Amino acid sequence: MRHETPSDSDDSGLPSGDWGLGSGDSYHMSPEDFRRYGHEVVDWVADYLAGVGDRPVLPGVEPGEIRAMLPDAPPDYPEPFDAVLADLDRVVMPGITHWQSPGWFGYFPANSSPPSILGELVSAGLGVQGMLWSTSPAATELEHVVADWLVDLLGLPHEWKTTGPGGGVIQMSASDSTHTALVVAREHAEGDVERMVAYASEQAHSSIEKGSRVAGYGHTRFIPVDDRYAMRPEALKVAVEADLAAGLLPVAVVSAVGTTGTTAVDPVRAIGEIARSHGLWHHVDAAYAGTAMICPEYRHYQAGLDLVDSYTFNPHKWMFTNFDCSLFYVADRRPLIEALSILPPYLRNKASESGRVIDYRDWHVPLGRRFRALKLWFVLRAYGAEGIRHHVREHMALATDLASRIDAHPDLELVAPVPFGLVSFRHILGDDATDALAAGVNASGWAYVTPSVIDGRHFVRVSIGQTTTTAAHVARLWELIETTVRRT
Ligand SMILES: *Cc1c(COP(=O)(O)O)cnc(C)c1O
């Protein structure tokens with residue numbers, strides 16, 4: 001019979017000897033096999049990262065093609081792990097989009113790095129549930145430390161540290177952080193939620209509208225932008241006053257530092273002043289551009305953070321830390337905890353009741369949480385602040401250089417300023433020529449750029465920020481753009 005208690009056991013209480021996969025008395029992978037396959041998998045990932053630049057960035061599969069290679073039912077009995085790994089190459093790889101390619105210029109980066117990958121591995125190995133301080137003190141305290149370090153590294157107000165009245169927490173995504181901020185703002189405000197209004201610019205990320213909808217706001221207002229696609233604060237003021245006059249309740253406003261469309265920067269201070277005078281919760285969405293603030297010369301873009309209640313940025317975009325890792329800060333943690341804390345009897349414990357610890361389950365919607373601080377800690381230590389600055393500055397210099405080449409080209413024009421690592425441009429002959437340009441670049445296989453639309457006109461987004469993208473890759477991209485333009 002399988003599943004009997006193994007007869008041999010050493011004094012660790014664990015079964016020893018031949019109890020490996022399918023060996024007869026246990027279905028678990030043996031520690032020896034785990035070690036062997038673990039080394040093999042790390043080698044596989046190292047080879048993947050070394051060769052990813054030689055693969056076509058986009059997969060060439062049709063919908064359903066990957067699924068058709070897989071059986072309808074899982075196996076009843078154990079399969080050799082070698083067979084599983086072989087299918088990784090045979091079945092999975094043909095359907096992978098290579099976000100880690102140095103030719104990745106699409107969307108925003110979702111970059112990664114070896115220290116981050118190793119942090120994820122250790123986190124999986126420890127398998128802790130960090131919902132309360134007491135369910136793994138190191139998970140909570142390491143998260144305080146990396147969040148507090150980043151306050152200094154990004155030039156955020158020092159009151160936002162966990163040692164002060166505020167604090168930072170790692171959430172899964174900026175969408176979750178923004179949703180949380182809107183829930184806290186709603187709870188903090190008084191009145192009928194149906195009459196509550198949340199504001200953001202016309203260029204705000206879709207997560208703000210979604211967060212407002214999920215949080216139950218009766219209204220979401222999209223405020224007009226200027227010719228640089230930044231929110232016009234006087235238009236916000238007009239909208240807030242019109243809503244008040246109509247008997248509605250203005251509750252929250254979201255400023256973007258780096259919009260998704262073109263990395264436009266809303267005037268944080270001017271919006272903060274309007275928020276203060278009308279008692280609105282002011283949240284900043286710096287999901288992508290927050291990473292740039294590690295370089296002090298970029299911090300003027302977020303001036304006015306003293307008038308901000310909450311802030312989010314994603315190390316999982318541009319800070320060499322793989323998804324999921326979104327930092328969410330609050331200037332004052334009390335309204336957050338008041339909004340989200342529920343204490344069932346089975347979670348009561350001495351440490352929490354002492355008031356000397358933070359229980360992160362009260363800082364977001366989920367109860368359970370992964371040990372995400374570990375990968376960020378590995379990254380911050382393995383690169384050092386200077387290492388991150390070096391690469392982020394290099395990406396931004398490459399973007400500036402590409403922008404000046406585009407600006408000087410007779411057939412191309414920039415559609416927006418280039419404050420960070422995103423270059424937005426189009427063909428002067430219009431939408432068809434612009435689409436042909438994006439399609440021509442993407443047909444090369446080794447590079448990927450995103451076609452997009454702003455003000456009803458098509459444009460091309462080139463986002464420079466993948467971990468291993470260097471000057472040589474951007475030079476090659478420029479050559480490709482030039483030859484494609486000549487052909488169109
Ligand atoms: C990417 C992005 C988001 C969404 O980030 P997720 O972590 O995927 O939820 C939100 N806002 C801006 C400005 C972004 O660029």
Side-chain angles (χ1 to χ4, degrees), residues 97 99 104-112 116 150 154 168-183 198-215 220 222-223 225 228-231 252-268 271 282-293 298 301-302 308 310-329 364-366 369-370 372 375-376 392 395-396 399 416-424 450 452 454 461-466:
T97 301
W99 288 72
W104 181 265
F105 301 105
Y107 307 101
F108 278 139
N111 69 22
S112 173
S116 173
L150 281 164
L154 305 182
V169 59
I170 302 176
Q171 304 229 7
M172 181 173 76
S173 72
S175 304
D176 289 319
S177 301
T178 297
H179 174 208
T180 304
L182 291 171
V183 168
Y199 304 83
S201 95
E202 284 171 346
Q203 287 293 315
H205 188 263
S206 57
S207 58
I208 289 129
E209 184 175 7
K210 196 195 258 188
S212 164
R213 218 190 281 173
V214 174
T220 312
F222 302 104
I223 306 301
V225 293
R228 300 163 74 89
Y229 301 110
M231 190 196 290
V253 59
V254 180
S255 296
V257 173
T259 58
T260 312
T262 62
T263 65
V265 179
D266 290 340
V268 174
I271 294 169
H282 184 200
H283 176 65
V284 169
D285 176 5
Y288 157 76
T291 295
M293 305 307 159
Y298 288 87
Y301 286 117
Q302 61 179 14
V308 164
S310 55
Y311 179 99
T312 184
F313 101 100
N314 287 347
H316 72 223
K317 273 185 168 151
W318 195 11
M319 203 177 260
F320 313 114
T321 306
N322 56 288
F323 193 86
D324 51 343
C325 188
S326 175
L327 251 301
F328 176 58
Y329 288 100
H364 49 45
V365 174
R369 56 201 323 275
R370 315 194 306 114
R372 285 180 289 227
K375 60 185 168 186
L376 187 51
V392 165
H395 291 151
M396 291 195 276
V418 180
F420 308 109
L422 179 77
V423 185
S424 305
T450 318
S452 190
I454 197 158
R461 287 171 84 267
V462 171
S463 157
I464 300 171
Q466 202 286 321

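Atoms within a ligand are numbered from 1 in the order they appear, just like the ligands themselves. Since this is a predicted model, take the numbers as computed values, not measurements.
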Asker: Can a donor-acceptor pair be found between the side chains of H283 and S310 at a distance below 3.5 Å?
Answerer: yes

Asker: Is the ring pair H395/W318 parallel, tilted or perpendicular, if the boundaries are 30 and 60 degrees?
Answerer: parallel

Asker: So, taking the atom named CE in M231 and the one named CZ in F222, what distance separates them when rounded to the nearest 0.5 Å?
Answerer: 10.5 Å

Asker: For H316, what residues pass the ring pair (Phe, Tyr, Trp, His ring centres under 6.0 Å) criterion, not counting sequence neighbours?
Answerer: F323

Asker: About how many Å separate CH2 of W99 and CH2 of W104, when rounded to the nearest 0.5 Å?
Answerer: 4.5 Å

Asker: Which pairs of N or O atoms, one from ligand 1 and one from the protein, are separated by less than 3.5 Å, and what is the distance for each pair?
Answerer:
unit_1   : atom_1 : unit_2 : atom_2 : d
ligand 1 : 5 (O)  : N314   : ND2    : 3.4
ligand 1 : 7 (O)  : A174   : N      : 2.8
ligand 1 : 7 (O)  : N314   : ND2    : 2.9
ligand 1 : 7 (O)  : H316   : NE2    : 3.1
ligand 1 : 9 (O)  : S173   : OG     : 3.4
ligand 1 : 9 (O)  : A174   : N      : 3.4
ligand 1 : 9 (O)  : S175   : N      : 2.9
ligand 1 : 9 (O)  : S175   : OG     : 2.6
ligand 1 : 11 (N) : D285   : OD1    : 3.2
ligand 1 : 11 (N) : D285   : OD2    : 2.6
ligand 1 : 15 (O) : T260   : OG1    : 3.1
ligand 1 : 15 (O) : K317   : NZ     : 2.9

Asker: Does OH in Y301 sit with more than 12 non-hydrogen atoms of other residues, nucleotides or ligands closer than 6.0 Å?
Answerer: yes

